[in-house]
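Read through the structure below, which is laid out as structure tokens, and then see the notes.
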Amino acid sequence: MVSYKELGLVNSREMFEKAIEGGYAIPAFNFNNMEQMQAIIQACVEASSPVILQVSSGARKYANQTLLRYMAQGAVEYAKELGKNIPIVLHLDHGDTFELCKSCIDMGFSSVMIDGSSLPYEENVALTKRVVEYAHQFDVTVEGELGVLAGIEDDVQAEASTYTRPEDVEDFVKKTGVDSLAISIGTSHGAYKFTPEQCTVNEDGKLVPPPLAFDVLKAVEEKLPGFPIVLHGSSSVPQDEVETINANGGALKAAIGIPEEWLRESAKSAVCKINIDSDSRLAMTAAIRKVFVDNPAEFDPRKYLGPARDNMEKLYKHKIINVLGSAGKA
Ligand code: G3H
Ligand code: 13P
Ligand code: ZN
């Protein structure tokens, strides 16, 4: 058993309080390798932002749970070495069983998500409550979810989304004791959130997806004043990265994400954690593909992983400064 406190990590409680009060959101960036972790920490230190490093169960299998724990501890030390002691949370993304959540808590995670959103309501309540009771003994914070997001959630695949029912949220939070709540308002996981056919063209010629259910977010806020709300599936799918990938041998289909202005607006509300994974994958892949095409003789991994890391850092900084508003809040 390792406590996250020994690793220099923090839970999300104070971070969320400050974010709601200040009208910004904490970046929750997924990582599964060293370059992503370095890019996240470099960006957050430079922009002086608090950060949630999040790990899916797939990422945990990929990177190995023991290594991840030391990587998170390394992230804390690395930030200090770069000159800033920023608050860092190590969070389990989309935990689907009590056992997985417990194992992460026992291994030094400071926050876990138990995603019972695909279960019948009462089963979601029971599972979430069980995780909260265990986690709170160790001052670990817990995120629950109500409503289903479309797209791929790790090993769980949801075809259709169901918006969160605002009439359930108060009861869910009261019965489970969760510290934050992920809601479904029309975002989805992965790069293919909307097709061009679903979008309209604005006066600048940009494709605009159908609006999110901001009325649901507003109704949830009214039911739970000041309570931390989480937005999953918040990648914006930068079109320049998609173009670079496709110009360098990639074969991505037309992919449209969540407009950044919508995230900026959400961050001013009770949404205090915004999850971004796919955009980082696109930035990494675009940079690597470009090196491979520009210099096919290159075979030193540092020569393509280095540019990939730089491109991700640029993306993370842009999100922090221009979208989430968490710059300077560390
Ligand atoms: O919510 C899904 C995250 O993007 C994690 O994806 O399960 O492929 O690591 P993953
Ligand atoms: P994206 O696929 O939109 O990056 O969403 C990530 C996410 O919600 C992780 O939990
Ligand atoms: Zn998610």
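One-based numbering, in listed order, for ligands and for the atoms of each. None of the values given here were measured: they were computed from a predicted structure.
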Once you restrict to heavy atoms under 4.0 Å, what part of [X] touches ligand 1? Side chain, backbone, both or neither.
X	value
N275	neither
H94	side chain
D93	side chain
Q54	neither

Looking at ligand 1, does R60 have a heavy atom less than 4.0 Å from it?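 No; R60 lies far enough from ligand 1 that no heavy-atom distance drops under 4.0 Å.
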
Report yes or no: does S56 have a heavy atom closer than 4.0 Å to ligand 1?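 Per 4.0 Å heavy-atom rule, S56 contacts ligand 1.
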
Strictly below 4.0 Å, N to O, side chains only: are [X] and [Y] in salt-bridge contact?
X	Y	answer
D139	R13	yes
R130	E133	no
K314	D310	no
K273	E143	yes
D300	R302	yes

Closest approach to the Zn ion (ligand 3) by H232, given as the N, O or S atom name: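 Restricting H232 to its N, O and S atoms, the minimum distance to the Zn ion (ligand 3) goes to ND1.
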
Donor-acceptor check, side chain of T244 to backbone of D240, threshold 3.5 angstrom: yes or no?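 Here the side-chain-to-backbone pair exists.
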
Answer yes if the side chains of N33 and Q36 hold a donor-acceptor pair under 3.5 Å, and no otherwise.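 Indeed, the side chains of N33 and Q36 share at least one donor-acceptor pair under 3.5 Å.
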
Shortest non-hydrogen contact from V76 to L9?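 So the minimum-distance heavy-atom pair works out to CG2-CD2, 3.7 Å.
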
Residues in ring-ring contact (aromatic ring centres under 6.0 Å, His included) contact with F16, at least two apart in sequence or another chain: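 Residues passing ring-ring contact (aromatic ring centres under 6.0 Å, His included) with F16: none at all.
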
What's the spacing between S12 OG and L90 CG if we round to 0.5 Å?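 It is 12.0 Å, given to the nearest 0.5 Å.
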
In terms of atom number and element, which parts of ligand 1 are under 4.0 angstrom from non-hydrogen atoms of [X]?
X	value
N30	3 (C), 5 (C)
D277	3 (C), 4 (O), 5 (C), 6 (O)
H189	1 (O), 2 (C)

Please output the residues near ligand 2 using a strict heavy-atom distance under 4.0 Å, listed in chain and residue-number order.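 Lining ligand 2 at under 4.0 Å, by heavy atoms, one finds N30, Q54, D93, H94, S188, H189, G190, K193, H232, G233, S234, S235, N275, I276, D277, S278.
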
Within the 6.0 Å centroid threshold, strictly below: F109 and Y4: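 No, the ring of F109 stays outside the 6.0 Å limit from the ring of Y4, centre to centre.
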
